[in-house]
Amino acid sequence: MMANLLDFDLDGLASFCEGLGEKRFRATQLFRWIHQRGVNDFGQMSDLARSLRGKLQNAASVCALPVLAQHVSADGTLKWLFDVGDGNAVECVYIPEDDRGTLCISSQAGCAVGCRFCSTGHQGFSRNLGTAEIVAQLWFAEHFLRQHFQTTDRVISNVVMMGMGEPLQNYVSLVPALRTMLDDHGYGLSRRRLTVSTSGVVPMMDRLARDCPVALAVSLHAPTDDLRDSLVPLNRKYPLEELMQACTRYLEAAPRDFITFEYCMLHQVNDQDTHARALVSLVRRYADQGLRCKFNLIPFNPFPASGLTRSEPARVQDFAAHLIDAGLVTTVRKTRGDDIDAACGQLAGDVRDRTRVEQRISLQRRSGTRNSRMAADKATQ
Ligand code: SAH
Ligand code: SF4
C-alpha cells in the first residue's frame, strides 16, 4: 500500500526514508517540501535526488482530503467541509483576525462524548481521523490561503483542536499531527499558539503533558458534578475533583502559563450568579496547589435538537463581571461565522444529513487587507 506522507511527523518520515534505503536527513528536505511549500508532486521537489523521487513515486503519496464545500461568512470566516469517506465529512474553519489567523481543526468524525449542547455530540461517533486526515486540514488551508492571498508568508499562526471530536480520545493520531504542526521544518507553530481542547479525558491530559505539552483548553461548563454530569457525560467517569487535579498536574509537568477553561453560556442552566460563585470557589480551592487559569465564556450556538437557549448578552456580561471581580481573567468569545454554521459546536458531520451544503460560493468583498486581498482573487479551489 502507498504510504500517505501526511501521516508522518519528521521522525516518522525519517524512519520511512530509512526503509527506502535513504539517509534520515533526506526526510527534512522532503518534509519541508510537503509542509512548508505545499508541494504534493515528488517530481517538483527539485533538490531531491532523482533516484529518491523515483522511489517516492512508487511507494508514497501526499494525499489531501477532497473538499466537498467551501463557505465564506460575511465576517471573513471560511469553512471547508472535507470528505473522509463512507458518507462522513469533517469541517475546518479559518478565522482571520487583525493580529492572527486561527484554524479550527477536527479530530474525529462525530464524537462519542455526547455533550448536550454540542451538535457534533448529538450526531454520535463515526470514527477517529488518522494523523494524515488531521494534518491535511492544515496543509490544505495554509497553502490554499497563501495562494489565495498571493503571499509566501505564513497565513495560519494559531491552531485550535476545537472542531469536531474529542482530540484526547484520538490520542495516537493526534500526537504526530501536533508534532508536525510544531516542527520548525513543518508549520513552526509555537506551543502557545497550538491549543488542544478537551472535555476532560484525565489520563490523556497527563500523557499530553509528557509527550507534547501544548496549550490546553478544558471545557468546563459547570461548577458542580451534578450539573456537569448532565452537560458533559464524561464527567461521570472523570469528575471535577479529578479533572481539576489533572489540570494542576498539567501545569506542573508542562511549562504552560495557565489552563483556559471554556464555559458555554446556557440560559438558566449554568449562567446564574450561584454558578459564578461556585465556579470561583472551585478554582480557588485548587489555586493553592498551583492551578492558574483563564476563563473563556462562549455564547451558546443554539440548534433545535438541544432544547437549550443562549444566555442573554447582559447575563453573560454580569457573569463575566462576577469572575473578573473575583480576580479571574475572563474573556467572552466573539461568535464568528454564525451565518455559515461555522461557530463552535455547529460543525456538522454526516453529509447525508446535511441540508445546507451549498456548492462553492465566491468570496465577498470585505474591508481589511487580508479580506480585500481575498476579494481580489477568486477561490481557486
Ligand atoms: N471535544 C473538545 C473539542 C471540540 S468542542 C471539547 O469538548 O473541548 C470545542 C469547544 O466548543 C468546546 O469548548 C465545546 O464545549 C464548545 N461547544 C460545543 N458545542 C457548542 C455550542 N453549541 N455552542 C458553543 N460552544 C460549543
Ligand atoms: Fe464531543 Fe467536545 Fe462536542 Fe462534547 S463538546 S460532544 S466532547 S466535540
Side-chain angles (χ1 to χ4, degrees), residues 90-93 95 102-129 134 137 158-171 173-174 177-178 194-202 204-205 208 214-222 227-238 243 246-247 250 259-267 269-271 293-311 316 331-338 341-350:
V90 295
E91 293 183 337
C92 169
V93 180
I95 305 148
T102 302
L103 193 70
C104 176
I105 291 183
S106 294
S107 57
Q108 299 179 313
C111 182
V113 177
C115 299
R116 240 171 82 196
F117 50 84
C118 173
S119 79
T120 305
H122 278 248
Q123 287 160 31
F125 177 65
S126 293
R127 68 171 176 86
N128 280 329
L129 298 187
I134 297 173
Q137 297 169 61
N158 296 55
V159 167
V160 292
M161 298 301 305
M162 291 187 187
M164 298 166 60
E166 170 47 59
L168 295 187
Q169 288 187 338
N170 185 14
Y171 193 78
S173 298
L174 176 73
L178 298 178
L194 174 54
T195 303
V196 168
S197 176
T198 182
S199 55
V201 190
V202 164
M204 296 300 143
M205 290 165 64
L208 188 70
V214 293
L216 189 67
V218 170
S219 297
L220 201 56
H221 309 311
L227 183 56
R228 195 162 189 271
D229 282 352
S230 76
L231 295 174
V232 184
L234 193 67
N235 194 68
R236 296 182 203 133
K237 194 160 180 195
Y238 304 115
L243 179 59
C247 290
Y250 193 86
I259 302 275
T260 303
F261 286 127
E262 294 172 280
Y263 197 97
C264 178
M265 297 293 290
L266 302 164
H267 177 60
V269 173
N270 64 355
D271 67 350
C293 62
K294 288 188 181 177
F295 274 86
N296 191 12
L297 306 181
I298 315 171
F300 171 57
N301 291 303
F303 59 100
S306 70
L308 298 161
T309 47
R310 180 184 280 194
S311 303
V316 178
T331 51
V332 177
R333 183 178 295 170
K334 279 186 287 188
T335 50
R336 298 285 306 261
D338 258 351
D341 280 359
C344 262
Q346 290 196 328
L347 305 185
D350 193 325

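Every number for a ligand or one of its atoms is a count from 1 in the order of the listing.
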With respect to Met161, determine whether any N or O atom, backbone or side chain, lies less than 3.5 Å from an N or O atom of ligand 1.
no
Taking the non-hydrogen atoms of Met164, is any one of them nearer than 4.0 angstrom to ligand 1?
no
Compute whether any side-chain donor of one residue and acceptor of the other, for Asp271 and Ser311, lie under 3.5 angstrom apart.
yes
Kindly assign one of parallel, tilted or perpendicular to the pair Tyr263 and His221, based on the angle between their ring planes and the thresholds 30° and 60°.
tilted
Sub-3.5 Å N/O-N/O distance, Ser197 and ligand 1:
yes
Could you tell me if any non-hydrogen atom of Ala217 lies under 4.0 Å from any atom of ligand 1?
no
Heavy-atom nearest pair, Phe117 first then Cys264, reads CD1-SG, 4.2 Å
If you measure every N or O of Gly163 against every N or O of ligand 1, does any of those distances drop under 3.5 Å?
no
Just which atoms of ligand 1 are under 4.0 Å from any heavy atom in Gly165?
1 (N), 2 (C), 3 (C), 4 (C)
What do we get for Cys118 next to ligand 1 when only non-hydrogen atoms under 4.0 Å count, side chain, backbone, both or neither?
both
Which bit of Ile298 gets closer than 4.0 Å to ligand 1, counting heavy atoms only: side chain, backbone, both or neither?
side chain
Numbered in order shown, the ligand 1 atoms found under 4.0 Å of a heavy atom of Thr198 are 6 (C), 8 (O)
Angle class for the Phe295/Phe261 ring planes (parallel below 30°, perpendicular above 60°, tilted otherwise)?
tilted
At what distance, to the nearest 0.5 angstrom, does CD1 of Ile134 lie from SG of Cys92?
11.5 Å
Scan side-chain atoms only and decide if Asn128 and Gln108 contain a donor-acceptor pair under the 3.5 Å cut-off.
yes
Shortest non-hydrogen pair, Pro167 vs Leu174, comes out as O-CD2, 3.8 Å
Pairwise distance NZ(Lys237) to CG(Asp229) - rounded to 0.5 angstrom:
14.0 Å
Nearest option to atom 14 (C) of ligand 1, as decided by whichever heavy atom of Gln108, Arg116, His122, His221 sits closest
His221
Taking every heavy atom of Tyr250 against every heavy atom of Leu208, the minimum-distance pair comes out as OH-CD2, 3.6 Å
Please tell me whether Thr198 and Glu166 have a donor and an acceptor in their side chains that are separated by less than 3.5 angstrom.
yes
Region of Val218 that comes within reach of ligand 1 [heavy atoms, distance under 4.0 Å]
neither
So for ligand 1, is Ser119 a polar contact partner (N or O within less than 3.5 Å, distance only)?
no
Side-chain donor-acceptor pair under 3.5 Å between Asn296 and Thr331, yes or no?
yes
What pair of heavy atoms forms the shortest contact from Gly165 to Thr120, and how long is it?
N-CG2, 3.9 Å
Classify the side-chain pair Ser197/Glu262 by whether it contains a donor and acceptor separated by less than 3.5 Å.
yes
Report for atom 1 (Fe) of ligand 2, protein N, O or S closer than 2.8 Å, by chain and number, lists Cys111 SG
Which bit of Glu262 gets closer than 4.0 Å to ligand 1, counting heavy atoms only: side chain, backbone, both or neither?
side chain
Short list, please: which atoms of ligand 1 are under 4.0 Å from a heavy atom of Cys264?
23 (N), 24 (C), 25 (N)
